[in-house]
Visitor: 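The structure is given below, and queries will be raised subsequently.
We count ligands from 1, going down the list as the structure has it; atoms in each ligand are counted the same way. The first residue of the sequence shown is numbered 1, and numbering continues consecutively from there.
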Amino acid sequence: MTEIEWWEYDDAAEMADAVAGDVQFIIESAIDARGAAVIALPGGKTPLPIYEKLAKAKLDWKRVTIVPTDDRLVPMGDDLSNVTGIAKVFLPKGARVLPLTSEKAADYRAAGRAADARLQDVHWPLDLCLLGMGTDGHTASIFPGPDLDEALQGPKERRALGVMPDPLPPEAPVARVTLSHSAIASSRALMIAISGAKKREVLERAISEGAGSTLPIGRVLSEVELPVDVHWSES
Ligand SMILES: O=C1O[C@H](COP(=O)(O)O)[C@@H](O)[C@H](O)[C@H]1O
């Protein structure tokens with residue numbers, strides 16, 4: 001199990017300030033070192049205040065590529081679409097936002113293969129992977145289901161794959177494309193941003209269960225070597 005450091009905040013605004021500051025620093029350092037930055041950002045609702053804050057940062061946005069950590073297989077513009085939420089905030093800044101979804105793919109596995117192929121052209125490893133987590137313990141779109149083992153233990157060079165959660169999560173009951181465990185674990189920096197008592201309890205349980213956890217986040221973290229910062233806000 002990797003080293004995990006918890007950062008606690010009273011509310012979402014306080015967490016947004018801190019996390020946006022950290023992400024800005026990582027982007028600036030990557031641009032200084034390599035001339036460009038590639039980061040993965042989660043979907044869902046928790047990170048939205050972080051994105052609003054980060055978008056105000058003075059950065060050379062044209063040198064920044066953003067990939068969703070995962071996406072729901074819905075049309076672009078749909079309320080459930082993670083890339084749509086990210087693109088709304090960062091495209092106007094000049095960042096490149098790469099979707100993981102492809103509307104032409106025949107099924108979720110084909111969508112995953114297309115996303116993987118697209119990511120093979122991106123400078124790798126990620127400079128940062130910021131993860132969210134559901135109250136069911138999924139992270140990115142690594143869920144229990146027929147594709148869990150492939151997401152966790154597939155070939156190291158595979159960056160993304162299509163998954164069908166089982167059971168389907170009620171808040172977004174659709175197939176997904178997700179970064180693979182290998183893509184997440186190979187990033188240069190790894191952070192988690194969550195809020196609320198329930199998610200904290202789930203994450204603490206997952207961490208204590210480690211590699212034997214039934215929760216995807218526990219399995220993901222048990223095989224990560226780099227230190228992880230967990231940012232948690234009470235509300
Ligand atoms: O389905 C998803 O859920 C998680 C958590 O979302 P939240 O709304 O509870 O913050 C998110 O990290 C993931 O990217 C998304 O696809």
Visitor: Which atom names give the shortest non-hydrogen contact between I31 and D60, and what distance separates them?
Guide: CD1-O, 3.9 Å
Visitor: Taking D127 for the side chain and A30 for the main chain, is one N or O donor matched with an acceptor at less than 3.5 Å?
Guide: no
Visitor: Measure centre to centre between the rings of W232 and Y9, then say whether the value is under 6.0 Å.
Guide: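 Judged by ring-centre distance (under 6.0 Å), W232 and Y9 do not meet the cut-off.
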Visitor: Hey, does V228 have a side-chain heavy atom less than 4.5 Å from the side chain of E3?
Guide: no
Visitor: When you look for heavy atoms under 4.0 Å from ligand 1, do you find them on the side chain of N82, its backbone, both, or neither?
Guide: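 The answer is the side chain.
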Visitor: Could you tell me which atoms of ligand 1, counted from 1 in the order shown, lie closer than 4.0 angstrom to a heavy atom of R176?
Guide: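 Counting atoms of ligand 1 from 1, those under 4.0 Å from R176 are 1 (O), 2 (C), 16 (O).
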Visitor: Which atoms from ligand 1 have a heavy atom of K199 less than 4.0 Å away?
Guide: 7 (P), 9 (O), 10 (O)
Visitor: Please write down residue, atom name and distance for the protein heavy atom closest to atom 12 (O) of ligand 1.
Guide: G132 CA, 3.3 Å
Visitor: Does any N/O atom on A140 come nearer than 3.5 Å to any N/O atom on ligand 1?
Guide: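 In fact, backbone or side chain, A140 has no N or O that close.
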Visitor: So that I can tick it off, tell me whether R219 and E209 are bridged by a salt bridge, with the cut-off set at under 4.0 angstrom between side-chain N and carboxylate O.
Guide: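 Salt bridge: no.
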Visitor: Among D70, V174, T69, whose heavy atom sits nearest atom 16 (O) of ligand 1?
Guide: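 Minimum heavy-atom distance to atom 16 (O) of ligand 1 goes to D70.
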Visitor: Out of R72, M133, E171, whose heavy atom is nearest to atom 5 (C) of ligand 1?
Guide: M133
Visitor: Heavy atoms only: give me the nearest M191-I26 pair and the separation to one decimal.
Guide: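 That would be SD-CD1, 4.1 Å.
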Visitor: Starting from atom 8 (O) of ligand 1, find the nearest protein heavy-atom neighbour and note its residue, name and distance.
Guide: K45 N, 2.7 Å
